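All heavy atoms count here, side chains included; hydrogens, waters and symmetry mates do not. All ligand and atom numbering here is 1-based and tracks the order in the structure. Just so we're clear, the structure is a prediction, and the values are computed from it rather than from any experiment. All residue numbers in this chain count up from 1 along the given sequence.
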Amino acid sequence: MESSCDVIVIGAGLGGLRAARDLADQGHSVVVLEARDRVGGRGRTSHLDGRLVELGGSWFTPEHVQVKAELERYGQATRDFPTQLHARWRTAGELRRGLPVPWHELPSLERALVQVAADAAAYTAGTFTGADRSALEYIDALEPTPGVRDFLLGWWQLMGGAPPASGSVVDAIGPIASHDGLSGLVTCLAHGPAGGWSALAEALAADGISVELDAPVTAVHIADTATCTTADGRTWHARAVVIAVPVNCLPAITCTPGWPQPVAEAAGANAGAALKVLMLVRGIEPHGIAVGVGHGLHWWYADDAVDDVVRVTGFGWTTADFDPASRTDVERALHAFFPEGELLEFTHHDWVGDRHSLGTWLTAPAGRADLVNPARFAPFACAAFAGSDVAHEEAGWFEGALVSGAAAAAQIHTLLLG
Ligand SMILES: Cc1cc2nc3c(=O)[nH]c(=O)nc-3n(C[C@H](O)[C@H](O)[C@H](O)COP(=O)(O)OP(=O)(O)OC[C@H]3O[C@@H](n4cnc5c(N)ncnc54)[C@H](O)[C@@H]3O)c2cc1C
């Protein structure tokens, strides 16, 4: 079967959907080809005992004006997350409240934080020279005491989303600079869509565009016009194409006459390999965080309580010795930080094993941070790139996906007019 339209968009995450919707608003006929049986990509809402949980991304920050505008456009409410009321730490092998490290380690903590702040400022100024280091190499070069090392490793989880030996340190110090320090990284997790990210994606998908689900693109020919072939052998022709798949999914799409060299080099470069486990836990305090080195999950967010049952999110990295589908493993991870908690229900999605994401949020690989430079993904022939992995602003966030989708739509609109 053959079909034609003005623009094909490959991928129905927020990046692709935003590009498609903007192009449709400008009068172009658009078809979105989506590999999965749903829209939303790495945004996916689920429920635990009737309570909403996000298997992919959760939060947006006060600076994320594009997300806010999209929610308003579709009449969807924003949920404001309250300020955290308490924190606990698991450092140097002990669970602690109050100070994150033993008293005698405070000088080491102070020295480390001063250096991190200086490096974050240098990164913003473009004078930071250690971008090729992994987070682990960076942390160890600070010569931290054992508790400070665990504190920094736990904190890295929030920003990096890759094992510290494989993620570049820039994912830690970049956000520290842009969110006003280590604490700003928590307080910026301020909002979420009250109805979930899937509902926002579905609203975009229903806004004047045609979405083909279960249509993984296996090949594209990109020259003066574009042709896409899906796994079931269907062929789609268009005057232009927007490629809005995760960078780790690019190798599965054969491009003729070939991806531009900077793109081919970067395909598969996202080191993001986070684990996110959603839980219902009885008997712990709501509205707090827990950070450190535990058993598989190292950064915790205790959300709201209903009838003494708290929604909890735990983050870790994909490792061989922790199975997020195992109750025994998840209970052990929980009890390392919340020994008083009773695990009721839990769920997760394996974004790294999922062939339509092959990774989590964008994390630069250690030694090759340059591979995730958005300048590599410039428009070529009749094609433009979109998606949070290639965004010029707020890369790695939903906001970045929307920003990049709007930019790709503008590029293609200009091309079609010309
Ligand atoms: C666990 C986790 C936690 C996160 N936390 C946050 C957070 O709190 N806040 C935040 O802002 N962001 C967060 N993120 C990041 C956020 O989810 C992503 O930045 C955003 O969803 C990316 O949107 P996108 O459109 O660029 O890509 P995606 O959402 O990945 O969409 C790409 C689409 O392309 C499709 N596709 C892939 N290959 C093909 C193919 N060959 N043919 C057709 N379609 C294809 C995929 O199925 C997918 O639907 C998190 C992500 C994860 C995984």
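- Between Ala401 and ligand 1, no pair of N/O atoms sits closer than 3.5 Å.
- Judged by distance alone, with hydrogens and angles left aside, the side-chain atoms of Ser166 form no donor-acceptor pair with the main-chain N or O of Ala162 at under 3.5 Å.
- Taking atom 15 (C) of ligand 1 as the reference point, the nearest protein heavy-atom neighbour is Gly396 O, 3.2 Å.
- No heavy atom of Ser404 sits closer than 4.0 Å to any atom of ligand 1.
- The heavy atom nearest to atom 32 (C) of ligand 1, considering only Gly41, Ala244, Gly11, is found in Ala244.
- Proximity of a side-chain donor or acceptor of Asp323 to a complementary backbone N or O of Ala325 within less than 3.5 Å is detected.
- The closest donor-acceptor contact from the side chain of Arg327 to the backbone of Leu343 lies under 3.5 Å.
- The nearest protein atom to atom 41 (N) of ligand 1, hydrogens excluded, is given as Val217 O, 3.0 Å; this is a heavy-atom distance.
- Residue Ser388 places at least one N or O, backbone or side chain, under 3.5 Å from an N or O of ligand 1.
- Heavy-atom contacts of Gly387 reach the following atoms of ligand 1: 26 (O) (cutoff under 4.0 Å).
- The part of Cys249 lying near ligand 1 is the side chain, judged by heavy-atom distances below 4.0 Å.
- For ligand 1, the atoms closer than 4.0 angstrom to any heavy atom of Ile253 are 41 (N).
- Remark: among candidates Glu34, His356, Arg36, the nearest residue to atom 33 (C) of ligand 1 is Glu34, based on non-hydrogen atoms.
- Other residues, nucleotides and ligands contribute at most 12 non-hydrogen atoms within 6.0 Å of the CZ atom of Arg355.
- Counting the atoms of ligand 1 from 1 in the order shown, those under 4.0 Å from a heavy atom of Leu14 are 25 (O).
- Considering backbone and side-chain atoms together, Pro216 places no N or O closer than 3.5 Å to any N or O of ligand 1.
- Residue contacts with ligand 1: Pro246 is included, with a non-hydrogen atom under 4.0 Å away.
- If you check the side chains of His28 and His413, you find a donor sitting under 3.5 Å from an acceptor.
- Those atoms of ligand 1 with a heavy atom of Thr360 less than 4.0 angstrom away are 53 (C).
- Arg79 forms a cation-pi arrangement with Phe81, by the criterion of a distance under 6.0 Å to the ring centre and an angle within 45° of the ring axis.
- Polar contact check, Val245 against ligand 1: no nitrogen or oxygen pair lies under 3.5 Å apart.
- Remark: minimum distance from atom 7 (C) of ligand 1 to any protein heavy atom is reached at Ser58 N, 3.4 Å.
- For Ile10, no nitrogen or oxygen atom sits less than 3.5 Å from a nitrogen or oxygen atom of ligand 1, counting backbone and side chain alike.
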| request: Please lay out, stage by stage, how Lys276 and Ser58 fare under the test side chain to side chain donor-acceptor pair (under 3.5 Å). | output: CA-CA 11 Å; Lys276 180 182 186 189; Ser58 295; 2.6 Å; yes
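- At least one heavy atom of Trp351 sits under 4.0 Å from some atom of ligand 1.
- Those atoms of ligand 1 that come under 4.0 Å of a heavy atom in Gly40, given as number and element, are 29 (O).
- Here the side chains of Glu63 and Glu393 are not in contact, with every heavy-atom distance at 4.5 Å or above.
- Listed for the Trp89 side chain is a donor-acceptor partner under 3.5 Å among the backbone atoms of Gly98.
- Judged by distance alone, the side chain of Thr91 and the main-chain N or O of Phe151 form no donor-acceptor pair under 3.5 Å.
- Polar contact check, Gly15 against ligand 1: a nitrogen or oxygen pair lies under 3.5 Å apart.
- With contacts defined as side-chain heavy-atom distances shorter than 4.5 Å, the pair Ile289/Val291 qualifies.
- For atom 4 (C) of ligand 1, the nearest protein heavy atom (residue, atom name, distance) is Gly57 CA, 3.2 Å.
- Proximity annotation for atom 30 (O) of ligand 1: of Arg38, Lys276, Arg42, Arg42 comes nearest, heavy atoms only.
- Geometrically, ligand 1 and Trp59 share a nitrogen or oxygen pair separated by less than 3.5 Å.
- Residue Leu33 approaches ligand 1 through these ligand atoms, each under 4.0 Å from one of its heavy atoms: 43 (C), 44 (N).
- Contact between Ala252 and ligand 1 is absent, with no heavy atom of the residue lying under 4.0 Å from the ligand.
- A distance-only check finds no donor-acceptor pair linking the side chain of Gln115 to the backbone of Leu142 [under 3.5 Å].
- In this structure, the side chain of Asn248 engages the main chain of Asn270 through a donor-acceptor pair within 3.5 Å.
- Contact of the Trp351 side chain with the Arg42 side chain is registered, since non-hydrogen atoms from C-beta on lie closer than 4.5 Å.
- Of the protein's non-hydrogen atoms, the one nearest atom 11 (O) of ligand 1 is Phe398 N, 2.8 Å.
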